[in-house]
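Below is one structure, written out as C-alpha cells, with a few remarks after it.
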Amino acid sequence: MGHVVVIGAGQAAASLVARLRGKGFEGEITVIGAEAEPPYQRPPLSKAYLLGEMEKDRLYLRPRTYYDEQNITLMLGEPAVSVDTEAQHVIAGGARDRL
Ligand SMILES: Cc1cc2nc3c(=O)[nH]c(=O)nc-3n(C[C@H](O)[C@H](O)[C@H](O)COP(=O)(O)OP(=O)(O)OC[C@H]3O[C@@H](n4cnc5c(N)ncnc54)[C@H](O)[C@@H]3O)c2cc1C
C-alpha cells in the first residue's frame with residue numbers, strides 16, 4: 001500500500017491527508033510538523049482569534065482524535081531535517097521514517 005510522509009503540518013497537509021483517506025488510501029500516513037500543534041487555520045490568527053472572539057480549539061482544522069481514528073501519525077515539534085528520495089527515508093527528531 002505504501003507509506004505517505006507529509007512534511008509540514010499546515011493547512012495543505014490537513015487537506016491532503018483527509019483527501020487520501022477519503023479516497024480510500026489505506027496505507028501508512030505520517031505528518032511531520034515543526035510546530036508542536038496539529039494543523040490549524042492561520043487566517044483567524046490575525047482576525048477573530050487576535051480579537052479574542054475565537055477559542056483556540058476552534059483554530060484546529062480537525063480534532064486530534066480525527067488523526068487517531070484515521071490512523072494518521074502526527075510527529076510534531078521537530079522539523080524534518082533530511083530527505084533521501086533514493087534511499088526513501090526522511091529524518092525528523094532523530095527518527096528515521098521510510099517514505
Ligand atoms: C496571520 C495570518 C493570517 C492569514 N490570513 C489569510 C487570509 O485571510 N486569507 C488567505 O487566503 N490566507 C491567509 N493567510 C495565509 C494562509 O494561512 C496560508 O496561505 C496557508 O496557511 C498556507 O498553508 P500551507 O499548509 O500551504 O502552509 P503553512 O500554513 O505555511 O504550513 C506549513 C507548515 O510546515 C511546517 N514546516 C516547514 N518546514 C518544515 C520542516 N522541515 N519539517 C516539518 N515541518 C515544517 C511549518 O512549520 C508550517 O506549520 C494568513 C496567514 C497568516 C500567518
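Atoms within a ligand are numbered from 1 in the order they appear, just like the ligands themselves.
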Distance-only donor-acceptor pairs under 3.5 Å for side chains of residues 9-20, two or more places apart:
residue	atom	partner	partner atom	Å
S15	OG	Q11	O	3.2

Using every non-hydrogen atom in the two residues, find where I32 and A92 come nearest and quote the distance to one decimal. CG2-CB, 3.6 Å
Quick check for students: name every N or O atom pair between ligand 1 and the protein closer than 3.5 Å, with distances.
residue	atom	partner	partner atom	Å
ligand 1	5 (N)	K47	NZ	3.2
ligand 1	8 (O)	K47	NZ	2.7
ligand 1	25 (O)	Q11	N	2.9
ligand 1	25 (O)	A12	N	2.7
ligand 1	29 (O)	R42	NE	2.5
ligand 1	29 (O)	R42	NH2	3.3
ligand 1	31 (O)	R42	NH2	3.4
ligand 1	41 (N)	A80	O	3.1
ligand 1	42 (N)	A80	N	2.8
ligand 1	44 (N)	A34	N	3.0
ligand 1	47 (O)	E35	OE2	3.4
ligand 1	49 (O)	E35	OE2	2.6
ligand 1	49 (O)	R42	NH2	2.9

Please tabulate, for side-chain N and O atoms in residues 51-70, each donor-acceptor pair with protein atoms closer than 3.5 Å (sequence neighbours left out).
residue	atom	partner	partner atom	Å
K56	NZ	E37	OE2	3.2
Y60	OH	E37	OE1	2.3

For E78, enumerate each residue passing the side-chain contact (heavy atoms from CB on, under 4.5 Å) test, keeping only those at least two apart in sequence or located in another chain. none
Check whether any side-chain heavy atom of V90 sits under 4.5 Å from a side-chain heavy atom of I7, and report yes or no. yes
Do N71 and R21 make a side-chain contact, defined as non-hydrogen atoms from C-beta onward lying under 4.5 Å apart? yes
